[in-house]
Amino acid sequence: MIDVNSIRILHDKCTKCGICIKKCLYNAIDLTDNKIEVNGNCNYCGSCREACRHGAISIERAGVLQANDITAFKGVWVFAEQKSGVLGSAVIELLGEGGRLAEALGVELSAVLVGHNVGPMVEALSAYGADRVYIVDNPRLENYNDELYSAVVCDIISRYMPEIFLIASTSIGCSLAPRMASRLGTGLTADCVSLDIDIESRRLIQTRPAFGGNLMASIICPYHRPQMCTIKPRVMKAVSPDYLRRAEVIAPRVVIPGAVNASVIDIIKDAGQRVNLSEADIIVSAGRGMEEPRNLEMIYELAGVLGASVGGSRAIVDAGWLDYRCQIGQTGKTVRPKVYFACGISGAIQHLAGITASKLIVAINSDPDAPIFKVSHLGIVGDVKKIIPAFINEFNKGGGL
C-alpha cells in the first residue's frame, strides 16, 4: 500500500487552541479526549498548517515516483459510474477501450463499482469485459457525493495500485476525477478522444483537443501513477457483451469518512429531455441560422414527429435559447446518433468535434460554403425556416424516418 499524503499533529507543540478546527473547511479535525486528531475527511489542503501559530501540524506530500516505484503499478481500471442502480452507458464504452489497453499491456481489466445495492450490475460489467470488479456497497453511498466517493476510490487505488484509471467525462466524472488526482498526487488529462500505449515504456498516450479544437495534443504522465484521464462519452466503441463471462468480485474494506460538507437532500428528475443526448438515436439540432428563439418551436415539432432529442450549438446556448444540457460540441456533449439534423448550424470546428461520429448527418443551411457541408452526408442549401416545415409535413405523411 502507498501512503500518498500524510498529516501529523505534533502533540508536543500543540496547545489545543482550536484554531485549526475553525480553519478546516472539511470538518477533518477533532478534539477528542483533550487531544487534537485528524479524521478521514482530510484532503491535505494545508489550511490548518498555515493557521497554526505553533508549528504543530506537519504535512508530507508524495514526491515524484521513481521508475522502480512505477513498475509496482499494474492493471487497467475503469470507474463504473451508476445512478439509481443503472449503469452509465459510457461505462460500457470505457470497458471496451480499457480492454484494448489491458490486452496491449498484458494485464487484467478491472472495474470499481461504488454505491448501494449495486450487486446486480456486476453481471453487466463482467459481460462487457471486466476481469475483476471491486465493489463497495454502503447505504451512505447510495447517492453520489464527491467527498465520499473520492475517499473510497482513492483508498482502493492506493491499496491495489493500478497503472491506468479511466473515468467518463460526465457530470459525475468531471467532479470526481480532479479530486481523486489531487488526493493521489498524480496527473489528469480531461476529455480525451483517443488513447494509445507506448509498449516499451508502458506510458498511456492521451490525446485531446487543444487550443479551441485547432490541434490535437498527445499527453503523457511519465513519473506518476496511476495515469488518469476522463473520456468523452460516445467517442469510444463499445464491445459486444458475453454473458457467460464471470468476473472475480472483491469487496475491500474501506473507511468511509464521517462528516461531509455537502449531502443530498432530494433528487428532482429532469422532466425536459426524454432521452440523454449522448444516448439518442436521432437528434434535431439548432444553430444561429434559426434567427430567433421563437423559431425553435419548429425544431421541437420536428423532434416530436421523429421521436428525437433536441440539441444546439454553443452560440444559441450562450444566447439563452437552450439550456446547457442541450449543447453539442467540444464544450458540450459528444454524440453518436444514427441521424443528426443540423439546422442553421454553420459548423464551427468546436461543434464538429462533437458530431463527427454520427452515422448520418443532414445539414440545412442557406450558405453553400458553410463548413457543416464538409462533414454532412446530405446537404440542403436553403432557408431552414421553410425546409423544416416541409420535413415535418412529409414525415407526418410517412410516419417518421
Side-chain angles (χ1 to χ4, degrees), residues 76 78-79 89-105 163-171 173-174 177-178 180-181 186-239 277-278 283 285 287 311-315 317-318 324 327-337 340 342 345-359 361 363 370-377:
V76 177
V78 167
F79 176 66
S89 60
V91 176
I92 307 303
E93 301 166 19
L94 293 189
L95 287 170
E97 184 66 9
R100 185 182 68 83
L101 299 176
E103 183 178 3
L105 291 168
E163 56 192 307
I164 293 172
F165 194 87
L166 308 179
I167 304 178
S169 291
T170 59
S171 57
C174 291
M180 284 180 54
T186 190
L188 173 67
T189 304
D191 295 335
C192 292
V193 296
S194 175
L195 299 177
D196 207 349
I197 293 289
D198 182 333
I199 299 298
E200 185 176 348
S201 64
R202 300 181 73 87
R203 290 174 179 171
L204 179 65
I205 302 172
Q206 306 155 81
T207 302
R208 69 177 305 275
F211 293 99
N214 291 306
L215 59 83
M216 303 299 284
S218 293
I219 300 167
I220 61 173
C221 183
Y223 304 117
H224 296 74
R225 296 294 182 271
Q227 300 165 93
M228 286 183 58
C229 65
T230 62
I231 301 171
K232 292 182 77 68
R234 309 291 279 187
V235 168
M236 305 300 180
K237 292 185 178 180
V239 297
L277 280 174
S278 298
I283 296 174
S285 199
S313 65
R314 177 175 177 174
V317 169
D318 286 348
Y324 173 72
Q327 183 172 318
I328 296 173
Q330 184 180 326
T331 53
K333 287 183 171 64
T334 299
V335 297
R336 196 195 292 255
Y340 183 83
I345 295 175
S346 62
I349 190 168
Q350 292 86 350
H351 186 79
L352 299 183
I355 69 169
T356 51
S358 305
K359 291 185 178 179
I361 298 174
I372 191 71
F373 290 128
K374 295 181 180 179
V375 300
S376 64
H377 302 90

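Predicted model, so just to flag it, every value in this text is computed and none were measured.
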Would you mind reporting whether [Y] and [X] have side-chain heavy atoms less than 4.5 Å apart?
X: Met216; Y: Arg208; result: no
X: Thr334; Y: Pro233; result: no
X: Thr186; Y: Arg225; result: no
X: Met228; Y: Ile167; result: yes
X: Ile92; Y: Ser89; result: no
X: Ile220; Y: Asp198; result: no
X: Ile328; Y: His351; result: yes
X: Arg314; Y: Val317; result: no

Do Thr207 and Ser194 get their side chains close enough for a donor-acceptor pair, meaning under 3.5 Å?
no

What residue among Cys192, Pro226, Cys229 forms side chain to side chain contact (heavy atoms under 4.5 Å, CB included) with Leu204?
Cys229

Side chain [X], main chain [Y], donor-acceptor under 3.5 Å:
X: Thr230; Y: Cys174; answer: no
X: His377; Y: Ile361; answer: yes
X: Thr170; Y: Gly173; answer: yes

Contact summary for [X] and [Y], nearest pair of heavy atoms:
X: Ala168; Y: Ala90; value: CB-CB, 3.6 Å
X: Gly311; Y: Ile283; value: N-CG2, 4.1 Å
X: Leu188; Y: Ala181; value: CB-CB, 3.9 Å

Output yes when Glu97 and Arg100 qualify as a salt bridge under the 4.0 Å nitrogen-oxygen rule, no when they do not.
yes

Between Glu93 and Lys237 (salt bridge meaning N to carboxylate O under 4.0 Å), is one present in this structure?
no

After noting the C-alpha distance and the side-chain angles of Ile345 and Tyr340, does the key distance pass the side-chain contact (heavy atoms from CB on, under 4.5 Å) rule?
CA-CA 12 Å; Ile345 295 175; Tyr340 183 83; 4.0 Å; yes

